[in-house]
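Just so we're clear, the structure is a prediction, and the values are computed from it rather than from any experiment.
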Amino acid sequence: MNKITDKVLKILNYLFALSMPFTHVIGYITGGVAFLFSWDQWKRLRHEKLFFWLKILMIYGLIRSFFSEEPNIGYMAMLGYLTQWMFPFVLGYTLPDFSSFRKSFWTYYITFTILVFLSILAFFGLFPKIIFTDFEFAKEGLLKGGRSHIALAALCLLASFLSLGHYLHNSGLKMPVKNFFIFLLLFFLGSIFLTGSRGYYAAALITYLILGAVYGIRSWAINSKLKVITVTTVLVITALYFLSPTIRARISRTNYNDGSVQERLSLYKVALWEIKASPVFGYGPGQGIRQELFYKMLPDNAQTPVLRHHPHLHSFYLNFAAEFGLLGMLVLFFVFYSWLKEVWKMYLLSDGFYKAVAFGLFWGIIGIMFGDCLDTLLRGPGVAMELFWLTGLIMGQRNFTL
């Protein structure tokens, strides 16, 4: 790459890192411009398995859209996958040097941490809950951070693993700094609790239990700090439970008869009926939610206007299968498999800062994949963009670090 292109790509990555905690609009712009400036990286990109399967997904989605009942809706849905998956990946991948990688990562991490801190202040009435008319730090007793409480919970889960990664693997840090990352780990776990996202309570618990099973058992026996961390986490969340009446009420009313649970179950029925009716190819991208026939199969009391006009089927995997069919699910499997495989490989082959980021990203991806059993953040703006950008950073820096 020439010096001008290098400089442009650095600026684009810094802008992405600085703006994404607050708005995904600039993320679209920076990703699109980077895609245009990435022409001399295509020889590298075409050898990346993840990029290959992303291209296959795009091609399959466009073909399926062409043969669907509403092609224009399908094309717009695939534009979403292009701009929220492929563009951010290419943006991070084309960053020209390791120093810029570090600066971009820390810009994002620090900016997001500040956003969450201000949101917590707002949650407890120590900062305005809303600024600029519609930017909500907290609302109705839930931590929001300028987005849905579920999206904020997902990103806090990612940030918690990134914090843990720096404590465990960033050998370039002095011990007082490493200990500060433990504080940040607790900070982000407490933030997840304040979002009120019950799905991400489960996702965080499951992912950390798996992490403990594959990594922490050996360390538990030799590292007393892990015991202190565990006990402190329980105490912090217990304290927040009693300090947050809205969160306490959400937890206490969680049962089969809860309205939110019933709505999700109804949407899952719709998705399963759609998959059964068109199992191989689905109904086309963006069109799973538009099959009114299946909503009419629900009991009358479940056919509310809110349910009928819900923007998704409340599970990424069921939503994807209803739209892309089982053939599309096979392509998605290879996307996810190559995604996790490459990030894990970078974790195993690297050390220091790079290893810390790869560790946090790997477990963050797994946590959000679990969370998307009950939501569809991977198909919308925001969360998916950050994940694929960080993946691009990790994979693109191999030439500079390994």
Side-chain angles (χ1 to χ4, degrees), residues 16-24 26-27 104-132 134-167 177 179-201 203-205 207-208 229 232-233 235-241 243-244 246-247 250 356-357 360-361 363-365 367-368 371 375 377 380-387 389-390:
F16 184 97
L18 190 62
S19 65
M20 277 304 296
F22 298 98
T23 174
H24 58 270
I26 297 178
S104 296
F105 173 82
W106 287 124
T107 298
Y108 172 75
Y109 182 90
I110 293 170
T111 304
F112 180 71
T113 303
I114 292 172
L115 171 68
V116 177
F117 177 71
L118 293 176
S119 299
I120 291 176
L121 291 180
F123 183 92
F124 289 108
L126 302 174
F127 192 78
K129 287 183 169 56
I130 302 175
I131 61 172
F132 305 125
D134 59 356
F135 190 94
E136 300 170 345
F137 288 106
K139 185 179 180 182
E140 298 174 348
L142 303 176
L143 205 65
K144 306 276 283 188
R147 65 201 73 216
S148 75
H149 64 288
I150 300 173
L152 183 64
L155 291 175
C156 285
L157 182 57
L158 170 64
S160 76
F161 283 115
L162 292 171
S163 303
L164 181 60
H166 283 287
Y167 171 74
V177 179
N179 289 336
F180 182 67
F181 278 105
I182 291 301
F183 166 78
L184 289 173
L185 167 65
L186 298 173
F187 171 77
F188 287 118
L189 290 177
S191 300
I192 294 171
F193 184 78
L194 293 178
T195 65
S197 173
R198 292 164 289 185
Y200 270 89
Y201 295 168
L205 178 61
T207 313
Y208 271 100
I229 292 167
T232 305
T233 301
L235 293 175
V236 168
I237 292 177
T238 301
L240 290 173
Y241 176 83
L243 289 170
S244 312
T246 302
I247 303 297
R250 284 177 65 84
V357 177
L361 177 59
W363 289 103
I365 292 170
I368 291 171
D375 217 280
L377 297 176
V383 175
M385 297 173 75
E386 277 106 328
L387 289 178
W389 175 68
L390 288 170

Show the numbers, then the answer: is there a side-chain contact (heavy atoms from CB on, under 4.5 Å) between Ile368 and Tyr200?
CA-CA 8 Å; Ile368 291 171; Tyr200 270 89; 3.7 Å; yes
Provide the closest heavy-atom pair for Gly27 versus Phe16 in the form atom of the first, atom of the second, distance.
CA-CD1, 3.7 Å
Are Leu155 and Val383 packed together at the side-chain level, in the sense that at least one heavy-atom pair is separated by less than 4.5 angstrom?
yes
Is there side-chain contact between Val116 and Leu152, with at least one heavy-atom pair below 4.5 Å?
yes
I'd like to check Tyr167 versus Leu185 (side-chain heavy atoms, cut-off strictly below 4.5 Å). Are they in contact?
no
Between His149 and Leu143, what is the shortest heavy-atom contact and its length?
CB-O, 3.3 Å
Residue list, salt bridge (charged side-chain N to carboxylate O under 4.0 Å, His left out) with Lys139, at least two apart or on another chain:
Glu136
Minimum heavy-atom distance Phe193-Tyr201, with the two atoms named:
O-OH, 2.5 Å
Distance (rounded to the nearest 0.5 Å) between Ser119 OG and Leu194 CG
10.0 Å
Side-chain heavy-atom pair Thr23, Phe135 within 4.5 angstrom cut-off
no
Once you round to the nearest 0.5 Å, how far does OG1 of Thr111 lie from CG of Leu18?
5.0 Å
Can you list the steps and then say if Thr195 with Lys144 is a side-chain contact (heavy atoms from CB on, under 4.5 Å)?
CA-CA 7 Å; Thr195 65; Lys144 306 276 283 188; over 6 Å; no
What distance do Leu361 atom CG and Leu387 atom CG have between them, rounded to the nearest 0.5 Å?
6.5 Å
Nearest 0.5 Å, what's the CG-CG distance between Leu186 and Leu164?
10.5 Å
Below 4.5 Å, heavy atoms only, C-beta onward: do Ile120 and Phe187 meet side chain to side chain?
yes
Just so I know, are the side chains of Leu162 and Phe112 near enough to count as touching, which here means a heavy-atom distance under 4.5 Å?
no
Rounded to the nearest 0.5 Å, what separates atom CZ in Phe105 from atom CH2 in Trp389?
8.5 Å
For Lys129 and Phe123, work out which heavy atoms get closest and say how close.
NZ-O, 4.1 Å
Atom of Phe188, atom of Thr113 and distance for their closest heavy-atom approach:
CZ-OG1, 3.4 Å
Does any non-hydrogen side-chain atom of Tyr109 lie less than 4.5 Å from one of Ser163?
yes
Are Phe181 and Leu184 close enough that some pair of their side-chain heavy atoms sits under 4.5 Å apart?
yes
If every non-hydrogen atom of Arg147 is compared with every non-hydrogen atom of Met20, which pair is closest and at what distance?
NH2-O, 3.7 Å
Does the ring center of Tyr208 lie less than 6.0 Å from the ring center of Phe161?
yes
